[in-house]
Amino acid sequence: MTPSTTPMLEVRDLALRFGSVTAFEDLTFDVGRGELFAVIGPNGAGKTSLFNVLSRAYVPTAGSVRFDGADLLRLRVSALAGAGVARTFQNLGLFGELTVLENVLIGRHHLMRSGTLRSGLWLGYARREERRHRAAAMEALEFAGIGRHAHVPTGTLPFGIQKRVEIARALAMEPKLMLLDEPVAGMSVAEREEITALVRRLHHERDLTLLLVEHDMGMVMRIAQRVLVLDFGRIIAIGTPAEVQRDERVIRAYLGEELEPALAEAPR
Amino acid sequence: MSMHTSHRRRFGVTSAGLLGLAVLAIVLPFGLNAGQLTTATFVLIAAIGALGLNVLTGYTGQISLGHAFFLAVGAYTAGVLGGNDHLTALIWLPAAGVVAALCGALVGPTALRLRGLYLAIVTIGLVFIGQHIWFNVPAISGGPGGRSFPAVAFGPFDFSAGQQLTIGGLVIDHNGLYYYLALIILAAAMLFVWNLVRGRPGRAMQAVRDREIAAAIMGVDLARTKMSAFVISSFLTGVSGALYASYLSFATPGQWSVLLSVQYVAAIIVGGIGTVWGALLGSIVIFALPAVLQSLIPQSSSGGLPIDDLTSIAYGVLIIVFFVLEPHGIVGLGRRVASLWSRIGLRPGKGGGLSQEAQSIENRSEATWAG
Ligand SMILES: Nc1ncnc2c1ncn2[C@@H]1O[C@H](COP(=O)(O)OP(=O)(O)OP(=O)(O)O)[C@@H](O)[C@H]1O
Ligand SMILES: [Mg+2]
């Protein structure tokens, strides 16, 4: 097995181009085990694109990614969940017609085995497996504080609740690494506080490595252990929240916006 | 909690409803004349195929207009094994499903490359290729003039025209026998699909339908999921096709046209895309329509449109009306009525609060902006 000293994520010279558009290039950084690591940067800096490469939705133009010591770029998209990577989506990746509980159960698809025949004939194995995983999915929903919405069709819920469903689903996947893309975007101040607390609890209680993309600097500076700053697809700073806030290039990238807590109301 | 009692009550209502429906389905043939019973039997047979289409298109989101092809494959498997080789229905009926499923497995991979309308067009191609084969290989299809198909027979139980079964004074004729066989197969298929869509494989299908990439990132194997949708769908369709041809006892290659596919698409749209009951309800509307129109419109009104044209117009109107007004078909209408009902029944003050369905309807207007 890999020694526990290898970083959870090793990104080397990673680049992604769409024709002439460069989403990002020359990205090299490590994320340690159990770290809460934030990726920030202005709109269009390449943060979501980075997540898309890390979740194998996009194939990078160059570079390598090692996850838990193994080559991440050799995995098929659908094998990623099994390998231990979960993510949430900036603009929601929920299945609108399914209930909240069913959405979270999809997160446990890779942990389940019942196929067409066992499920269709509703054999004992499928029944027991379903019961077990429903309980686990409910637990994830309770953790995210949305247990009472379990049986509601997801597409009918308000945006803020749907964002929590995404977090619950990612948690239910039992990952080692969780990628959170703007979990508090479009939320009220009170909701932001709740989600911030939820992410903290995820980090402390669930033995997770967290990669957090967020425009809410207040949140990032409070909970991140290290911050990577992207601008126009390049790393302009990496370090502790305190170091990054003092960085000249970071201040310039944010164009005079003050890098105090409460800076940057997320621009969406 | 009140949620539990309301769940339990709903369960009670559902069981009672199912039981009532089962009784109705069993006694129905005794209340129908021969013509009506024939129509009812065709409806049940078609509903098996419509259920197959709903697995593929309704639950998995793979639009297919190739249904006529899979129906024909099932029919000709029955024709060849039962008619040419004189094998029993115990063999040719399942074999019709299996051979159609194999064809589905061959076509499945194209769905990995093509989506939406492109897949629809390719599956139309399948119908044309099929027709070319049916017209030109008489050993299978009897050539342009058509062929006869074997009646169902399980050992001494013969379903041929003129045969009948007497159970304790009740006489079940040829039509009745086909009716009950179709009813049993349909009920089993509905139960299977019901279990499936509430379990792991069916959830994966619906996830693929709603958001393919997100589903893959959650660990759903797209190839496998689409493939099993194709296989299950074409199995049911093949069985349906075999029963259909056997009940007709004679069919020509021209019958397996794109129009037949369109009827099935219309059935699931009208009944309810992505619902188990929608397949049956839609089949009742679509496949009983010609007979109903025929009986409503007097023979003498020869100045008007022929029944076939009237039927086509009615299909068109139904598809448009349901697409625009109720995308979940008759089942969706039923759900609306039910949630309205529970909203009236559970007014705050009567101690209940809104039911979850009612709440979700409330939230619907709020949620639209979230996409
Ligand atoms: N599929 C795509 N095709 C072409 N260009 C793309 C694609 N996806 C992203 N880009 C481009 O890559 C760049 C980075 O986009 P990305 O979505 O990663 O930014 P972001 O940092 O997540 O921004 P935001 O804070 O607004 O979410 C942008 O210029 C964007 O237009
Ligand atoms: Mg983004």
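Here is how names work: the chains are called A, B, and so on, in the same order as the sequence lines, proteins then strands, and each is numbered from 1.
- Counting heavy atoms from C-beta outward, A:E97 and B:R209 have side chains that approach closer than 4.5 Å.
- Most heavy-atom pairs under 4.5 Å with chain B: of the set A:L80, A:I161, A:N103, A:L94, this distinction falls to A:L94.
- Applying a 4.5 Å heavy-atom cutoff, none of the residues of residues 51-62 of chain B approach chain A.
- For the pair B:I217 and A:R56, the minimum side-chain heavy-atom distance is 4.5 Å or more.
- Listed here is the closest heavy atom pair of B:R200 and A:S114: NH1-O, 3.0 Å.
- Within residues 93-105 of chain B, no residue has any heavy atom closer than 4.5 Å to a heavy atom of chain A.
- Scanning all heavy atoms of the two residues, the minimum distance from A:I106 to B:A204 falls at CD1-N, 3.9 Å.
- When A:A170, A:A81, A:A83, A:S119 are compared by the number of non-hydrogen pairs under 4.5 Å with chain B, A:S119 comes out ahead.
- For B:K226, the side-chain hydrogen bond (donor to acceptor under 3.5 Å, both in side chains) partners at least two apart in sequence or on another chain are B:E212.
- Remark: A:T116 OG1 to B:I232 CD1 distance equals 4.0 Å, nearest 0.5 Å.
- Put simply, the side chain of A:R76 reaches to within 4.5 Å of the side chain of B:D221, judged on heavy atoms.
- Between A:F95 and B:Q206 there is no side-chain heavy-atom pair separated by less than 4.5 Å.
- Here the closest heavy-atom approach between residue B:A214 and residue A:G93 is recorded as CB-O, 3.5 Å.
- Neither the backbone nor the side chain of A:L111 comes within less than 4.5 Å of any heavy atom in chain B.
- When each of B:A207, B:A215, B:G199, B:G202 is checked for heavy-atom pairs under 4.5 Å with chain A, B:A207 comes out on top.
- Under the 4.0 Å criterion applied to side-chain N and carboxylate O atoms, A:E130 and B:R203 are assigned as salt-bridge partners.
- Neither the backbone nor the side chain of A:R127 comes within less than 4.5 Å of any heavy atom in chain B.
- Of all residues spanning residues 190-197 of chain B, those with a heavy atom less than 4.5 Å away from chain A's heavy atoms are B:L191, B:F192, B:N195, B:L196, arranged by number.
- If you measure heavy-atom distances from A:M112 to chain B, the contacts under 4.5 Å come from both the backbone and the side chain.
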